[in-house]
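Okay, structure first, notes after.
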Amino acid sequence: MKKTLKLLFIICFFVVCIIPVGLMWADTTTLSENRSLSDFPEWTLENGKWNKEFFNEFEVWLTEHFAFRGALVEADGALKYHVFASPSDMQVIVAEDDWLFFDATLNDYAGVTLADAQIDAIAATLQETCEYIEGLGKKPMIMLVPNKNTIYPELMPARFGDKSEVSNRTLLQEALAERNVPYLDAAKVLIDYKDTDEVYLHQDTHWNNTGARLVLNALYEAWGLEDEHELAGYQVEKVHESDLYQILFPQSGELEAQRIYPSQNAFDYKGRVRSMDDLKIQTVCEDGNDKSILVYRDSFGRAMIPCMGEIFSQCTFNRSTPYNLQLVEETECDYVLIEIVERNIADLAGIDVP
């Protein structure tokens, strides 16, 4: 009897191990992840020689594609999140009241900064960039969007300590001010308003629609425009796919509440738009303010696109990096906005000014 039980145990063990691999070709489910999964490795290199890294690459590919991976990730995430209040993926920080934060922002939060020479070099590049834009008769603005834990440090778990008052954002803004480079202090705008209403999503790295509209109002004011987005009058609907929540629960399909505002003016997209992450998006609005704008943006621009599309007669949003400043000359625009999130400030060193 004991031998039979042992044999059954061994058989069950191997069946459990084999099923995820044996059925991986039949499992067509996909995961929502903030990264690209690896492709099946090539047996040979371009020169025709044997790929010595094949088995290492195959191991990585197998761990990313085995059957029911999503369900297993989901189960592991639910156990850790709901029972132990900890994340199943270290990219995510679980805080109070189901707020989630991004691990990649911890250096900014702790005050780990670039060297003074690096900050000064980035400021010099941005100064040269703005001078180039102004030389073409267009108005520039630099917008450094704060990390979520810059705005809500009080929600961060106590083990991370207090937020540093010094960061790459504060150092760069000081350097820009010294060089008279036009920039918008988006962090101050958001901090001043956050007690009135929430400005970031709970389970996402990004601001909500109220936060985006609030900062855009400050941008218009800085440029002397009379346009303004209404901050009240929204409806709350569960329509947003939250990136941090999707990392923990890639198959949940659960949506987060987002603020939905009524349209100010009807606008149209030029050409085909697959998603708000397209490298180039253009809008036109017949009832706009007779102004045009070029925006170099990152993922925070998703919430900005429909807002600005209702205001400007023509908008061009570009997400490709490094920035192609030749677009300033090639694009019909009165204004040029360079928007980048705080955690990626180091990337500004790669701007190539014509």
Side-chain angles (χ1 to χ4, degrees), residues 31-35 73-113 144-170 186-215 231-232 234-260 299-300 302-303 341-344:
L31 301 185
S32 301
E33 300 190 51
N34 274 2
R35 64 190 180 101
V73 170
E74 194 85 6
D76 178 65
L79 177 65
K80 292 179 177 177
Y81 184 79
H82 295 294
V83 178
F84 302 105
S86 65
S88 56
D89 190 306
M90 297 312 295
Q91 295 182 83
V92 182
I93 299 167
V94 178
E96 296 180 5
D97 299 326
D98 290 331
W99 280 71
L100 302 178
F101 293 90
F102 193 24
D103 176 79
T105 63
L106 286 181
N107 280 346
D108 295 311
Y109 185 84
V112 179
T113 65
L144 306 178
V145 178
N147 300 326
K148 184 163 72 172
N149 52 16
T150 294
I151 306 303
Y152 293 103
E154 68 276 10
L155 297 177
M156 284 285 285
R159 67 181 182 277
F160 294 107
D162 295 331
K163 182 181 74 67
S164 173
E165 295 300 320
V166 178
S167 66
N168 288 328
R169 178 185 56 80
T170 60
K188 183 180 187 306
V189 174
L190 292 162
I191 290 172
D192 288 347
Y193 192 81
K194 74 173 190 176
D195 289 336
T196 302
D197 200 354
E198 291 181 352
V199 292
Y200 276 68
L201 294 158
H202 288 212
Q203 300 178 329
D204 195 284
T205 54
H206 302 93
W207 50 22
N208 59 25
N209 287 337
T210 298
R213 295 165 76 91
L214 177 71
V215 172
L231 298 179
Y234 58 77
Q235 293 184 337
V236 177
E237 299 179 16
K238 286 195 171 185
V239 296
H240 183 79
E241 294 184 4
S242 299
D243 54 6
L244 296 177
Y245 190 84
Q246 289 292 322
I247 292 175
L248 299 182
F249 306 104
Q251 286 192 321
S252 71
E254 185 170 332
L255 300 175
E256 181 174 354
Q258 174 63 287
R259 290 155 165 75
I260 306 300
S299 58
F300 276 78
R302 296 172 194 156
V341 67
E342 179 178 1
R343 65 177 181 268
N344 292 333

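This structure is a prediction, so every number in the text was calculated from the model and none was measured. Throughout, residue positions are numbered sequentially from 1 according to the sequence presented.
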Exercise for the section: Enter the distance from I260:CD1 to E237:CD here, rounded to the nearest 0.5 Å. Expected result: 5.0 Å
Handout entry: Side-chain donor/acceptor of N147 to backbone N/O of R343, under 3.5 Å
Key = yes
Handout entry: Any donor-acceptor N or O pair under 3.5 Å, side chains Y245, E256
Key = no
Exercise for the section: Answer whether the closest heavy-atom distance between the side chains of T205 and V341 falls below 4.5 Å. Expected result: no
Problem - Reference residue K148; test side-chain contact (heavy atoms from CB on, under 4.5 Å); the match among F101, W207, F102, Y109 - result: F101
Fill in the blank from the handout: Here the salt bridge (Lys or Arg N to Asp or Glu O under 4.0 Å) pairs for residues 189-203, sequence neighbours left out, are E154-K194, K188-D192, D197-R259
Handout entry: Distance (rounded to the nearest 0.5 Å) between L155 CG and I93 CD1
Key = 12.0 Å
Practice task
Look at the side chain of S164 and the backbone N and O of V166, then say whether any donor-acceptor pair between them is shorter than 3.5 Å.
Solution key: yes
Practice task
Answer yes or no: is there a side-chain heavy-atom contact under 4.5 Å between L201 and Q203?
Solution key: no
Fill in the blank from the handout: Distance col, row M156:CE vs L106:CG, nearest 0.5 angstrom, shows 5.0 Å
Problem - Residue pair A186 / V215: nearest heavy atoms and the distance that separates them - result: CB-CG1, 4.0 Å
Exercise for the section: Only one of N168, T170, T150 passes side-chain hydrogen bond (donor to acceptor under 3.5 Å, both in side chains) with E342; say which it is. Expected result: T150
Problem - Stepwise side chain to side chain contact (heavy atoms under 4.5 Å, CB included) check, N149 with F160 - result: CA-CA 11 Å; N149 52 16; F160 294 107; over 6 Å; no
Practice task
Measure the shortest side-chain to side-chain distance between D108 and R169 over non-hydrogen atoms and say whether it is less than 4.5 angstrom.
Solution key: no
Practice task
Could you tell me whether the side chain of L100 reaches within less than 4.5 Å of the side chain of V94, counting heavy atoms only?
Solution key: yes
Problem - ring-ring contact (aromatic ring centres under 6.0 Å, His included) partners of H240, counting only residues at least two apart - result: none
Problem - Donor-acceptor pair, side chain of Q246 and main chain of E241, under 3.5 angstrom - result: no
Problem - Reported CG-to-CG distance for the pair L231 and N209, which is rounded to 0.5 angstrom - result: 11.0 Å
Completion exercise
To the nearest 0.5 Å, atom CG of D204 lies from atom CD of Q258 at 9.0 Å
Practice task
With the side chain counted from C-beta on, respond yes when D243 and H206 share a heavy-atom pair under 4.5 Å apart, and no when they do not.
Solution key: yes
Problem - Which residues share a ring-ring contact (aromatic ring centres under 6.0 Å, His included) with Y152, sequence neighbours left out - result: W99
